[in-house]
Amino acid sequence: MSRYNFKTTEARWQRLWEERGSFVAREDPAQPKYYVLEMFPYPSGRIHMGHVRNYTLGDVVARFKRARGLNVLHPMGWDAFGLPAENAARDNRRHPAEWTRANIADMRAQLRTMGLSYDWSRELATCDPGYYKHEQKMFLDFLAKGLAYRRESWVNWDPVEDTVLANEQVVDGRGWRSGAPVERRLLKQWFLKITHYAEDLLATLAELDRWPDRVRLMQERWIGRSEGLRVWFAIAGRDPAAPDGRFEIFTTRPDTLYGAAFAAVAPNHPLALERAKADPALARFLETCQKTGTSEAALETAEKLGYDTGLKAEHPLDPSWQLPIYVANFVLMEYGSGAIFGCPAHDARDLEFARKYGLAVRVVVAPRGEEAGFTIGDEPFTDDGVMVNSDFLNGLDVAAAKRAIAERLEAMGVAQRTTVWRLRDWGVSRQRYWGCPIPIIRCAGCGDVPVPEDQLPVVLPEDVSFDKPGNALDHHPTWKHVACPHCGQPAERETDTFDTFFESSWYFARFCSPNARDIGFTRDAVDYWMPVDQYIGGIEHAVLHLLYSRFFTRALRDCGYLAIKEPFAGLMTQGMVCHETYRDAAGDWLFPEQVKKAENGRLVHVDTGAPVTIGRSEKMSKSRKNVVDPAAIIDGYGADTARLFMMSDSPPERDLDWTEAGVDGAWRYLNRLWRLATEPAVTLALDAPRPTALSARADQTLRLMHKTIAAVSDNLDKFRFNSAVARIRELSNAMADLSADGAGEAWVYGQALVALIKLINPMTPHIAEELWAELGRPGMVCDQPWPVADPALIIDETVTIAVQVNGKLRGTLELPRDVDNKTRHPRAAARRRQQGRRSRGARAARRDQGARGPARAQGRGRAEPDHQCGGIASSPGSCSAGEGRSPRGGAAWEG
RNA sequence: GCCCAGGUGGCGGAAUUGGUAGACGCGCUAGAUUCAGGUUCUAGUGGGCGAAAGCUCGUGGAAGUUCGAGUCUUCUCCUGGGCACCA
C-alpha cells in the first residue's frame, strides 16, 4: 500500500494546473459565463484563516460551476494602497512600495499552496501606475460630468502627526498613535456625488435577490430615505420676512403638530450661535454639547439635555400659540434642517425631554376606540390611530392627517414636502502618500485644472522621505511644482490622494481585461463578464465598499464605460473563523501551540506543565493569541485538509470554530478516501458494462450514489457546503460495506468511486486529481463534467410510511411506492387498529388528565376505535399516515 | 435605546413544503488488530425507567393553531451582531 503523500501530490498538481493553463479564462460568447470573485486582500504579508475560508468558498464555487459547463472567470489581485504601508515606512524605515511588493510576493506564494483555481494571468495590484492611471481618468470623467466636486468639510486633525485621522483612528478624542487631542479642522476636499444616485441605489436593492437580506437592510438604513415636511416657524417678536425672523424645521410627523410642546435647534444651529453671543450660560452649554459629541460611548448613554433660549416660536397654525425654543443636544445640524418641533406624546425622545423640563404632553393620536381619555404614561404612542385634539384633523388616521396638514401648510406658504436622505456625498481626499494621486493642478489664475489626459498617469514619486510628520507627498521637494496646463504659469499639483475605497470600487471590472493599456477595461470584456455572478467576502464591507462599488458602476455607466449598473448579482458574506482562547494562571493569553492535553485530560502549558484555563471561542485575533497560522496547517496536513475542514463544519454565513479535532477528522477522511480508491474491497473494473443482476446492497448503493449526486449538486447550488460534505461521507460509508461476493457490487463500487472523486473535487482538488490519475482515468478531474443523477434511481422502490395516532408514532410500514391510496390507507389503518388496541386504555387515562380541554379529548376518543384512515379532510380525529424519508417530499398527504 | 440574526445531544451541526428529531462529523465507551509513531476496524452513544422487548420525556421558556410543530402564531428569557438620539 502507498500512503497518501500530500506534500508531493499538492505541489505536483499545482504545477500542472499552472503549466496547462487549466484556469485561464477566455471570452467565448458562445458559452455562458460565470464570474466568481472573492474580495481581494490587503497585502499585509501573511494570509490568515479568514482568507483561507473566503478563498476556499470562492474556489469551491468556481470549480463546481466550471464542472457544470460554465465559462468561469476567477481572478485574484491586491488592494495594495493603504495606511499600514506608511506605518511600516515610519516604523521600519522601509519604503511603502518595496514593503508592499515584498508582501504581495509572500502572500501570493502562500495562496498558491492552497491550490486555488485562479487565472493568475489576470493578477493586478492597485498601486501599479498601470492600474491607477485609469481611475485618474475616471475621476476626470466624473468631474466633467458633475459627479465630482471640491468643497470644505470637517476632518479629524492630529496636530502632532500633522495628518487627518479616520474616525476609527480617534480614540477617546485622541489620535491613536500620537495620543494628542484631535482637532476639528475645515479642509477643502474632493467629493463624489453618490447622493445623485440615492434614489436608485435604494430602489434597486429590491432587485438584488441573491444578496443577504441583512446587507440590503443595512444599506437601506445607511441611505436612509425619509419623506416629510419642511415647516417655517416664525420667531415671536421678530419680522417673519427677515432672514433671522424665522427658522425651518423638518418633520416626518406633521400630523402631530397640534401636540407640539417645544421647538429645538442643534447646538451649532445659527440661531443657537447667535444667542450664545449674548448669553454666556448658553455658550457654556454649547461647549458641553461639543464635548459629549466626541466620545461614542458617552453619546450612547447621554441624557437629553436642553437649554431654553428664551425665544418663542409661533405655532404655524395658531400664531397666538407660542412654543419655547430650546437648544438640544440630540438635534443634529447635519440632518434635515438642524431644527425640530417636539411632540412628547408621540416620540420617545421628545417625551423624555418634556418630562425633564416640565413641558405639556398633549395627546393628538389615540388608539382606535380609545379616543376619549387616552393618556400617556412612560411610553409614547407611536402607532397608527385616530387624530384627536387637532382641529380640522380630528377623526382622520395618521396617513390622512399627514396629507391634510401638508396641503394646508403648503397652501399657507409656510411648508414644503421634501425627501431627506441620510446618505452623504463620498469624501475621497486623503492627506496621505501611499495612495493614488488626484490628477489636479492648482493654479492661482485658472483654479483647479484637470491634468490633461495625455499626461496620465500622475505617478507617485518613489523618492520620498518619512522623516517629517505629515503627508510625504506634500513634502517632496520638486514633485508638486509644475506649470499650469492652461496658462503655463507656475502651479502646484494636488498632493492629496484617493481614499483606498476608490481602487476597490472598480477592480472587478479591471479583471475583465487586466492588460488593457489605454483604457481601464474593454467594452467587449465587461459586456461579456460583468456583472460578478457571485461575490464573496466579509460582512464588514456590507455598507461602504459595496455601496461605493454600486455607485461607481452607475457613474461609469453614465460616463459611457459600461452598460450595467449593479456590479454584484450575487453576494455571500462569510462568518468569522473562531478559536478557543487559553490563559495561564497569571491571566496572560497563550497561543494554541503553547497548550497541550495532560494525561488527566486537562490542558497544561506545553513547557511548564502549569494548568491552563480555556476561554470561549472567539474571533481569531493576535491580541488574544487564539490564532492558527494557515501556513503551519498546510505544511502539516496539506491544503486539502484545511479546505475540507473549512467546508464541513459550519454553513458559510455562520461563524466557524477552528478545532484541532476537526482538522484531524478532515485529515482522516482524506486518508480513508485514499484507501477506498487504492485498496478497494473489490476488483475494480471501471469501464465494465453494467451487470444484469445486482444484489440488494448493490442496488441500494447505486441508488444512494445517484441520490448523493443529486443532493450534493443541490447543496452546492445553495452554498450548503457542510451538507454536501456530509452526503459525500455517507456515500463513502456505504461503499465500505460493499464486498466482492455480492452480484454487481464491484461494478457499483467502481461507479461510486468515480462519482465520489468528481463530487469532492471542488473541495479537495489535489487528492481528487491524484486519485483520478491513480485509477488511470483519462484527462484531469478539473476538466471533467459534473456527474448527473439518473432521475429513475433517486426515487425509492418502497416508501416508509409513518403511522401516527393522536400524533404519536405507532409504527412504520414499508410499502411499494406505486401502491395507490386505496391500498395504502386501509392497510395503515389495519396496522393502527392492532397497535392502538394494546395501549388505548392507558392513553385514554392520560388524555383525561391532559392539559387540553376535556371536550376535545372526548371528541378524539370517540372517533378513534373504528375510524377509517382517509386523509386530513375526512379524518380530523385520530389517524394519519405521513411519508418519511421520501426524497421526493410533497407526498405526505396524497388523496 | 432601536434594529437584525440565533438558541436542537458532551461539542460543531442536519432535518426542501408542518409528517419517524438528532443526518454527517468531533468527542466518549467497550472490544479487536497493529502495538512505535496525528493508525485502522467492529459495536454503542439525547435524558429517565427497564434484564430486554419496550415505555416515556425531549429542539431556551410559556401559551396557542393542527390529526401531527424544531418548523406556523403570540408572549417571554438568553446569546451574538449592527446602529443613526435621523426628527
Side-chain angles (χ1 to χ4, degrees), chain A residues 212-214 217-218 221-222 224 226 228 249-253 256 264 296 299-304 328-332 334-343 347-350 352-353 420-422 539-540 542-543 575-576 617 636-637 645 648-651 653-657 659-669 671-672 675 714 718 720 722-730 732-733 736 800-812 839 842 846 851-852 860 863-864 867 869 871-872 875-893:
Chain A
D213 287 342
R214 61 174 178 150
L217 189 69
M218 283 163 82
R221 290 190 186 175
W222 187 266
S226 55
I249 63 97
F250 175 72
T251 179
T252 56
R253 291 297 303 273
T256 63
E296 285 291 320
L299 213 142
E300 286 287 308
T301 47
E303 61 172 329
K304 316 276 172 283
N329 64 346
F330 62 90
V331 181
L332 306 176
E334 299 77 40
Y335 187 79
S337 51
I340 61 161
F341 80 84
C343 175
D347 181 277
R349 274 173 329 216
D350 295 349
E352 187 186 333
F353 193 80
V420 164
W421 302 87
R422 191 186 98 86
I539 187 74
E540 65 272 22
V543 176
M576 299 180 295
S617 186
Y637 290 88
F645 176 64
S648 38
D649 254 30
S650 288
E653 66 281 2
R654 226 179 292 183
D655 287 352
L656 172 89
D657 259 322
T659 63
E660 330 303 318
V663 178
D664 280 339
W667 160 257
R668 278 200 299 267
Y669 178 72
N671 283 287
R672 183 170 149 84
R675 287 193 306 273
D714 187 52
K718 293 172 177 157
R720 295 196 299 220
N722 55 329
S723 292
V725 172
R727 295 286 83 79
I728 287 171
R729 298 181 91 127
E730 231 172 354
S732 322
N733 291 347
T800 309
I801 309 283
V803 181
Q804 286 185 19
V805 178
N806 285 346
K808 304 285 179 207
L809 183 72
R810 291 296 169 222
T812 59
S839 52
R846 261 197 317 282
R852 293 181 185 178
R860 282 209 231 147
E864 189 182 79
H867 173 71
C869 228
I872 191 164
S875 68
S878 58
C879 174
S880 72
E883 232 171 350
R885 299 214 172 153
S886 163
R888 283 204 315 162
W893 282 108

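Labels below follow one simple rule: chain letters A, B, ... track the order of the sequence lines, proteins then strands, and each chain is numbered from 1. The figures that follow rest on heavy atoms only: side chains count, while hydrogens, waters and symmetry mates do not.
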A:Glu660 atom CD is separated from B:rG27 atom P, nearest whole Å, by 12 Å

Quick note, A:Met218 side chain, CB onward, closest among B:rG27, B:rG82, B:rC4 is B:rG82

P-based separation of B:rC11 from B:rU59 [nearest Å]: 15 Å

A correct 5'-to-3' footprint of nucleotides 28-42 of chain B, with B, S and - meaning base, sugar-phosphate only and no protein heavy atom under 4.0 Å, is ----------B-SS-

Separation of B:rC4 atom C1' from A:Glu653 atom CD, nearest Å, is 14 Å

Note to self: Work out how far the P atom of B:rC77 is from that of B:rA62, and round it to whole angstrom.
What the structure shows: 15 Å

TODO: Please check if any side-chain donor atom of A:Arg672 sits under 3.5 Å from a side-chain acceptor atom of A:Asn733, or the reverse.
DONE: yes

Q) Expressed as a whole number of Å, how far does the P atom of B:rA32 sit from that of B:rG25? A) 24 Å

Interatomic distance, CZ@A:Phe341 vs CZ@A:Phe250, rounded to 0.5 Å, equals 11.0 Å

When we call it a touch if two heavy atoms are under 4.0 Å apart, what does A:Val725 touch: a base, just sugar-phosphate, or nothing? nothing

Residue pair A:Arg727/A:Lys718 against RNA chain B: nearer the 5' end by closest nucleotide is A:Lys718

Per the 3.5 Å Watson-Crick/G-U criterion and a run length of at least three, the stems involving RNA chain B are B:1-7 with B:77-83, B:10-12 with B:24-26, B:27-32 with B:40-45, B:46-49 with B:54-57, B:60-64 with B:72-76

Winner on side-chain proximity to A:Ala726, out of B:rA87, B:rG12, B:rC24, is B:rC24

Check the surroundings of atom CZ in A:Arg214: do more than 12 heavy atoms from other residues, nucleotides or ligands lie under 6.0 Å from it?
-> no

Rounded to whole Å, CG of A:Asp655 lies from C1' of B:rG81 at a distance of 9 Å

Given the 90°-from-0 boundary between syn and anti, B:rG64 should be labelled anti

Sidechain N-carboxylate O distance under 4.0 Å for A:Arg668, A:Asp664
no

Rounded to whole Å, the CZ-P distance (A:Arg214 to B:rC4) equals 13 Å

For the P atoms, the ones on B:rG6 and on B:rU73, what distance do you get once it is rounded to whole angstrom? 13 Å

Q | Touch class at under 4.0 angstrom, heavy-atom based, for A:Arg349 against every strand present | A | base

For B:rA36 and B:rG50, measure between their P atoms and round to the nearest Å. 45 Å

Shortest non-hydrogen pair, A:Ala542 vs A:Met218, comes out as CB-CE, 3.8 Å

Legend entry - Polar contact flag, side-chain donor to acceptor under 3.5 angstrom, A:Tyr669-A:Ser648: no

Rounded to whole Å, the CE-C1' distance (A:Met576 to B:rG6) equals 13 Å

A:Phe645/A:Tyr637 aromatic ring centres below 6.0 Å: no

Exercise for review: Please determine if a side-chain N or O atom of A:Asn733 lies less than 4.0 Å away from the OP1 or OP2 oxygen of B:rG25.
Suggested key: yes

Any base atoms under 4.0 Å from A:Ser648, or only sugar-phosphate, or nothing? Heavy atoms, all strands.
nothing

Atom CZ of A:Phe353 and atom C1' of B:rC85 are separated, to the nearest Å, by 12 Å

In whole angstroms, the gap separating C1' of B:rG12 from CG of A:Asp649 amounts to 5 Å

So OG of A:Ser650 and CG of A:Asn722: to nearest 0.5 Å the spacing works out to 7.0 Å

Discussion item. Just N and O in the side chain of A:Thr659: are any of them under 4.0 Å from OP1 or OP2 of B:rG12?
Written reply: no

Quick one: is B:rA14 close enough that its OP1 or OP2 comes under 4.0 Å of any side-chain N or O from A:Asn722?
yes

**Prompt:** Do NZ/NE/NH1/NH2 and the carboxylate oxygens of A:Glu730 and A:Arg727 come within less than 4.0 Å?
**Reply:** yes

- Message: If I pick the C1' atom on B:rU71 and the same atom on B:rG7, what distance separates them, to the nearest angstrom?
- Response: 14 Å

Determine the Euclidean distance between corresponding C1' atoms of B:rG44 and B:rU34; express it in Å to zero decimal places.
23 Å

Whole-Å distance, A:Trp222 CH2 to B:rG82 P, equals 13 Å

Closest of B:rG12, B:rC3, B:rC85 to the A:Asn329 side chain is B:rC85

CZ of A:Arg422 to CG of A:Leu332, rounded to nearest 0.5 Å, is 10.5 Å

So CE of A:Met576 and CD1 of A:Ile539: to nearest 0.5 Å the spacing works out to 10.5 Å

In terms of heavy-atom contacts, A:Gly338 and A:Val331 come closest through O-CG1, 3.4 Å

Does B:rA14 have OP1 or OP2 sitting under 4.0 Å from an N or O in the side chain of A:Arg654? yes

Among B:rA87, B:rC3, B:rC24, the one nearest any side-chain atom of A:Glu730 is B:rC24

Contacts of A:Glu334 and A:Arg221 projected onto RNA chain B by closest heavy atom; the upstream (5') one is A:Arg221

Distance check, C1' atoms only: B:rC24 and B:rG68, in whole angstrom units.
27 Å

